Amino acid sequence: MFALRRLIRFMVSLAVLVVASFAMIHLIPGDPIRVALGMNAPPELVAQRREELGLNNPLHEQLLAYIQQIFSGEFGTSFMSREPVGQIIVDRLPNTLALGVLATLVTLLVAIPLGMWAGIRTENGRNRGTEIGFTSTTGAAVAVPEFLYSIALVVVFAIGLQWFPPAGREGVASYVLPILALSIGPIAMVARLARVETLRELGTDYIRLARAKRLPEFRLYFRHLLPNTLTATLTIGGLLLGGLIAGSVLVEYVFAWPGLGMRMVESITQKDYPVAQAIILVYGAIVLVVNLVVDLILAKLDPKSMIKES
Amino acid sequence: MKIEGMTVRFGAFTAVDDVTLEVPPGSIVGLVGESGSGKSTVAKAVCGLVPYSGKITGVDVTRVQMVFQDPYASLNPRMTVAASVAEGLRLPRAARDAEVERLLELVTLPTICAGRYPRELSGGQRQRVAIARALGAKPSLLVADEITSALDVSVQGAVLNLIRSLREELGLSMLFISHNLAVVRYVSDVVAVMQKGKLVEVGPAEQVVGSPQHDYTRELLEAVPRLRS
Amino acid sequence: MRQLLRTATGVIGLVLVTLTLVIAIIGPVIWGDEAEAVNAGAALQGASAEHWLGTDHLGRDIMARVLAAGQFTVTLAFLATAIGTVAGMVLGLLPVVLPRRLGRFVTSAVNALVAFPSLLLAMFTAVVAGLGARGAVLGIGVAFAPSIARLTQTLAASVANADYVAAARLLRVPRWRIATRHVMPNIAEPVILNLTTVLGGSLVAMSGMSFLGLGVQPPSYDWGRLLFDGFARIYVDPVVAIGPAVAIVAAGVGFNLIGEALARSVARTPARAKQGGRTAKAGKAAGSQPVEGAVLDVKDLTVTFPGAVTPVRGLSLTLMPGEIVGLVGESGSGKSMTANAVGGLVAYPGVVTSARMRLCGEELTELGQAKRRKLMGTSMAMVFQDPMASLNPALKVGGQLSEVSIVHQGAGPKAAWDRAVDRLGHVHIPDPEKRARQHPHEFSGGMRQRAVIAMGLMGTPRLLIADEPTTALDVTVQRQILKLLREVADETGAAALFISHDIAVVSELCHRVMVMYAGNVVEELPVAALATDARHPYTRALVASLPDMETDRDKPLASIPGHQPSPADVGAGCAFAARCALATDKCAESPPLDRTADGRAVACWHPVISKAEVAVP
């Protein structure tokens with residue numbers, strides 16, 4: 001029941017996304033083709049591009065054509081390189097996904113134990129030093145953007161120490177720096193969350209009862225505490241994942257990573273609208289799918305949250 | 001006031017099922033029941049805080065006032081006692097202070113409390129402020145929803161005495177809701193018992209408590225803890 | 001401001017932000033000309049004594065450019081924040097003002113947008129609004145709006161659902177007045193707090209856009225743009241990227257740390273003392289011998305918290321096998337803290353001391369950790385007030401029971417599970433096999449409390465501590481649980497410490513009653529004496545103020561004037577004196593808990609001894 005409702009919401013969001021990405025070109029003030037090709041572009045070329053995009057047809061026909069395009073996976077042709085946009089996406093999407101998925105795994109594997117450890121150590125204001133150290137370090141780490149992490153990592157580990165390649169995607173070593181750059185911020189964020197959740201759960205009666213039962217600490221923390229902190233952490237962590245995918249745009253740019261983000265930046269600066277439009281649509285769809293999956297997993301993990309929803 | 005055929009539904013769940021109940025002028029009707037019986041929903045519906053079907057007659061619904069269970073949540077933490085009490089007054093500024101003073105006196109709060117904030121007051125005092133605020137609107141019906149269940153026993157008596165003296169002095173009609181049968185019996189003229197959204201028994205307080213007609217009322221009465229002597 | 005300076009985080013944040021703002025204000029005036037000075041001869045230089053951070057392709061000093069760019073960067077961040085905040089707050093407050101259906105639509109739209117990464121929203125807006133500072137500022141503003149809207153919405157919704165808003169509605173306070181007097185003041189603080197963080201976030205985001213070449217375009221420049229220029233040369237001269245990078249980090253981190261310190265000061269985490277969370281044995285009380293055969297034998301139990309807060313003050317307690325002792329008192333009397341102290345559950349920074357703390361004849365403070373764990377784990381059972389909260393929502397009920405046997409008795413999983421099912425059946429839970437496999441949320445409140453009691457029966461309980469176990473339950477369920485508790489005590493021969501604020505409940509279950517007031521036991525008496533023969537004025541007043549089914553409805557109820565001092569305010573002398581009708585000058589001195597030959601005890605200089613009724617006023 002919950003899954004069905006959630007699925008419907010997903011479909012609606014997807015529809016809105018499609019319309020929004022379609023509308024993007026039409027929202028650009030003035031003639032988008034003129035804006036893209038510049039004032040000095042030959043009139044024939046402008047006319048040809050207009051025809052290509054179907055801008056001369058009535059709006060509803062354009063939308064229909066756009067949707068048909070999406071279903072056939074074509075997405076039109078790039079203004080600049082003349083490549084089919086569908087091909088660009090097929091080529092580049094796997095690289096972006098690899099980065100995103102690996103960074104997410106690293107984030108969760110590092111952040112949740114870290115946050116739990118900090119929470120347990122600082123329960124009831126114990127170990128104030130740890131608390132201040134943890135909160136200010138993570139507080140600062142959250143505020144530093146991923147592109148600065150990327151640059152710093154490049155300067156130190158690629159240019160200075162020359163341990164890893166500074167750019168491109170070649171071999172396992174080339175993954176290290178981009179993944180690191182992409183996950184430091186989210187690690188700090190999720191670790192903070194996990195700590196707050198841990199502290200909250202430590203104050204509950206069921207933990208008090210588990211303590212009254214004199215359970216060994218390992219059992220107390222891993223069997224009783226972890227599952228309960230996990231659901232809340234993952235709920236917000238799921239949202240974070242979307243941000244992580246967006247962050248990959250900047251990281252790809254610094255590392256000249258052959259992914260979608262790199263290409264999106266190029267297409268926006270070059271006003272290559274068909275490409276920008278398609279990539280924004282794909283990014284949006286990824287975010288929606290990720291959120292859907294996270295929600296469905298959570299509903300499975302935590303039957304209570306489902307009840308709350310209804 | 002008369003409630004006729006009141007039904008409240010939340011989705012597929014029927015919280016209040018066809019309840020008909022009369023509150024004669026100047027009397028206190030006590031509504032008892034366990035959690036989930038729908039007694040608080042009746043209170044909210046009477047105050048217009050939840051939508052209901054059915055009729056409420058014999059009372060100006062815009063002049064129904066309510067006192068809530070939790071005295072810590074029912075006062076705006078950023079408003080002084082005087083400001084809270086003055087909220088319901090439709091008086092020129094000049095007359096307002098005097099009226100606030102009169103109302104605080106009515107609920108036996110020292111005038112010095114007027115300038116204080118809720119956090120500076122005890123639970124019992126806060127509950128008095130809430131009552132004073134409700135009285136300021138000259139209610140035709142006062143709905144009291146579990147107003148003593150968050151209070152300590154030693155303070156509860158004073159609030160219950162206040163409720164009774166208000167009825168005597170002001171001729172206030174009141175719907176008094178509580179899960180505590182002893183408390184309801186003590187303050188009410190008429191006792192109504194609710195179970196699972198339905199009204200199962202209504203009658204004069206002594207009669208309902210002394211010779212209950214419905215099985216559920218008997219069950220409730222038997223379950224009330226008594227001080228052994 | 002003073003609170004900000006109290007933490008290192010706040011101080012660092014404040015210094016960084018002040019520095020940023022000062023540079024933003026004076027930067028263009030002082031370094032503006034130098035930043036624009038073209039010197040073709042000195043183009044593309046690295047770091048030197050003359051140009052600390054090198055020069056750009058036109059030979060302009062990068063250090064000067066960074067310092068001069070602060071103003072533009074900060075201004076853009078402020079603009080984006082302003083756009084985001086205004087748009088966000090409007091969106092957030094709309095559902096409060098709009099009709100229900102439309103409001104719900106706005107809410108779900110905002111929820112959908114929040115899930116959307118802000119950078120994508122910003123890029124979308126930037127494409128539409130065109131490349132450049134204007135598009136980027138607009139984009140970032142729009143991108144921040146949903147999260148601000150959601151924050152506003154959540155806060156507004158929680159305030160709008162508050163009882164005081166319902167009360168204002170009933171008083172026919174106009175809508176706008178409810179918004180301005182009730183909703184706004186109560187959400188302003190967290191929203192403003194959040195703004196510092198948003199400010200830092202938009203500065204960083206703006207820099208990101210410029211860095212990608214999607215924000216500020218030449219000849220204008222902000223920190224992001226300078227980084228963009230420097231990045232192209234990073235492999236040759238890494239130093240040219242340092243200036244703008246450091247500036248962005250300093251400003252971003254500064255704003256975030258301030259936001260954090262502010263949030264912390266609002267949450268008001270008080271400074272804690274260094275020590276605590278431990279149990280210590282105080283000096284042996286002279287001439288006192290452990291009570292033979294007692295299940296629990298506690299002498300001079302004191303619980304202290306930093307700041308001279310002492311919720312339990314030298315309490316002594318002895319429970320014999322099979323004995324059910326009630327501990328009654330009003331909220332704040334220290335009765336629950338006593339239960340926690342006996343159960344070894346007083347959390348840091350509380351300090352528990354006692355002259356004696358013996359469980360089943362073993363002095364707990366002298367027992368090794370492993371032995372104490374096993375002894376307490378198997379022979380002591382606890383039940384808490386809220387059955388909804390005391391079972392772990394993530395684990396099956398059967399598993400939560402069986403682990404007691406697995407951990408403390410070395411039982412195998414199968415045997416432990418069977419015992420769990422058996423115990424669930426024992427506390428009259430129907431169909432225990434099926435119930436054991438369920439999660440707590442499938443249980444009713446009464447059933448959960450039964451399961452918790454069953455958990456205590458997994459070992460061989462000698463002591464049962466029940467802290468308000470029926471307070472959250474309906475009277476009919478309360479009756480069943482009380483019956484079960486008595487059954488369990490009779491059958492196991494365990495002693496029980498039953499804590500409650502309700503003397504009627506205590507009188508139904510217990511053999512002996514201890515009355516607590518302000519951290520002290522003021523009277524100890526057999527239950528039969530409670531109703532008419534209590535000696536302490538407080539006990540008598542408490543009994544008198546309890547309405548029951550026979551209370552005379554024509555007489556006012558008794559009540560006690562004043563209120564109980566909080567654990568931090570208990571002074572010398574009898575704590576009840578201020579509220580006591582019988583108090584004299586003598587009561588300025590603390591009355592000892594005097595034990596009489598009939599096994600009763602009272603701590604009062606003026607106990608009411610005569611059996612003749614002393615009418616309560």
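Every chain is numbered from 1 and lettered A, B, ... according to where its sequence line falls, protein lines coming before strand lines. Owing to the predicted nature of the structure, the values given are computational and were not obtained by experimental measurement.
- When the candidates Arg63(B), Arg164(B), Gln65(B) are compared by the number of heavy-atom contacts under 4.5 Å with chain C, Gln65(B) comes out ahead.
- Looking at Val184(B), neither its backbone nor its side chain comes within 4.5 Å of chain C, counting heavy atoms on both sides.
- The shortest distance between side-chain heavy atoms of Ser84(B) and Val81(B) does not fall below 4.5 Å.
- Proximity to chain C (any heavy atom under 4.5 Å) is restricted, for Ser188(B), to the backbone atoms N, CA, C and O.
- Interface residue Asn76(B): backbone and side-chain heavy atoms are both found under 4.5 Å from chain C.
- Heavy-atom distances place the side chain of Arg90(B), and not its backbone, under 4.5 Å from chain C.
- Remark: Arg479(C) engages Glu508(C) in a salt bridge, criterion side-chain N to carboxylate O under 4.0 Å.
- Checked for salt-bridge contact, Arg102(B) and Glu105(B) miss the test: no charged N lies under 4.0 Å from a carboxylate O.
- Taking 4.5 Å as the limit, every side-chain heavy atom of Asn520(C) sits out of range of all side-chain heavy atoms of Phe576(C).
- Contacts between Thr62(B) and chain C at a heavy-atom distance below 4.5 Å involve backbone atoms as well as side-chain atoms.
- Both the backbone and the side chain of Val153(B) come within less than 4.5 Å of a heavy atom in chain C.
- The greatest number of non-hydrogen atom pairs below 4.5 Å with chain B, out of Arg181(C), Gln478(C), His501(C), Arg177(C), is found for Arg181(C).
- Remark: Arg133(B) is not positioned above the aromatic ring of Tyr164(C), lacking an NZ or CZ atom under 6.0 angstrom from the ring centre and at most 45 degrees off the axis.
- Inter-residue side-chain proximity for Gln480(C) and His428(C) is flagged as unmet; no heavy-atom pair is nearer than 4.5 Å.
- Side chains of Asp548(C) and Arg226(B) form no contact here, defined as non-hydrogen atoms less than 4.5 Å apart.
- Counting heavy-atom pairs closer than 4.5 Å to chain C, the top residue among Ser154(B), Ala205(B), Gly210(B), Gly157(B) is Ser154(B).
- In this structure, chain C has a heavy atom under 4.5 Å from the backbone of Val64(B), while its side chain stays farther away.
- Looking at Lys555(C), only its backbone comes within 4.5 Å of chain B, counting heavy atoms on both sides.
- Proximity to chain C is absent for every atom of Leu89(B), based on heavy atoms less than 4.5 angstrom apart.
- In terms of heavy-atom proximity, Asn186(C) sits nearest to Pro190(C) at O-CD, 4.2 Å.
- Using a 3.5 Å distance cut-off with no hydrogens or angles, the side chains of Gln564(C) and Tyr538(C) do not pair a donor with an acceptor.
- Among Val209(B), Asn180(B), Leu221(B), Asn161(B), the residue making the largest number of heavy-atom pairs under 4.5 Å with chain C is Asn161(B).
- The candidate from Glu219(B), Gln125(B), Gln69(B) with the greatest count of non-hydrogen atom pairs under 4.5 Å with chain C is Glu219(B).
- Between Glu323(C) and Arg512(C) a salt bridge is recorded (basic side-chain N to carboxylate O distance below 4.0 Å).
- Both the backbone and the side chain of Glu87(B) come within contact range of chain C, with heavy atoms under 4.5 Å apart.
- For a residue to count as touching a neighbouring chain, one of its non-hydrogen atoms must lie under 4.5 Å from one of that chain's; by this rule Leu49(B) touches chain C with the side chain only.
- Both the backbone and the side chain of Arg185(B) come within contact range of chain C, with heavy atoms under 4.5 Å apart.
- Contacts of Glu222(B) with chain C are made by backbone atoms alone, with heavy-atom separations under 4.5 Å and no side-chain atom involved.
- For the options Ala137(B), Ala73(B), Gly88(B), heavy-atom pairs under 4.5 Å to chain C are most numerous at Ala73(B).
- Ranked by non-hydrogen atom pairs under 4.5 Å with chain B, the options Thr551(C), Leu171(C), Val506(C) are led by Leu171(C).
- Between Val165(C) and Arg169(C) there is a side-chain heavy-atom pair separated by less than 4.5 Å.
- Most heavy-atom pairs under 4.5 Å with chain C, from the set Gly48(B), Gly36(B), Gly124(B), Pro77(B): that is Pro77(B).
- Aromatic ring pairs are classed by plane angle as parallel below 30°, tilted from 30° to 60° and perpendicular above 60°; the pair Phe10(B) and Phe13(B) is parallel.
- Counting heavy atoms from C-beta outward, Pro139(B) and Leu172(B) have side chains that approach closer than 4.5 Å.
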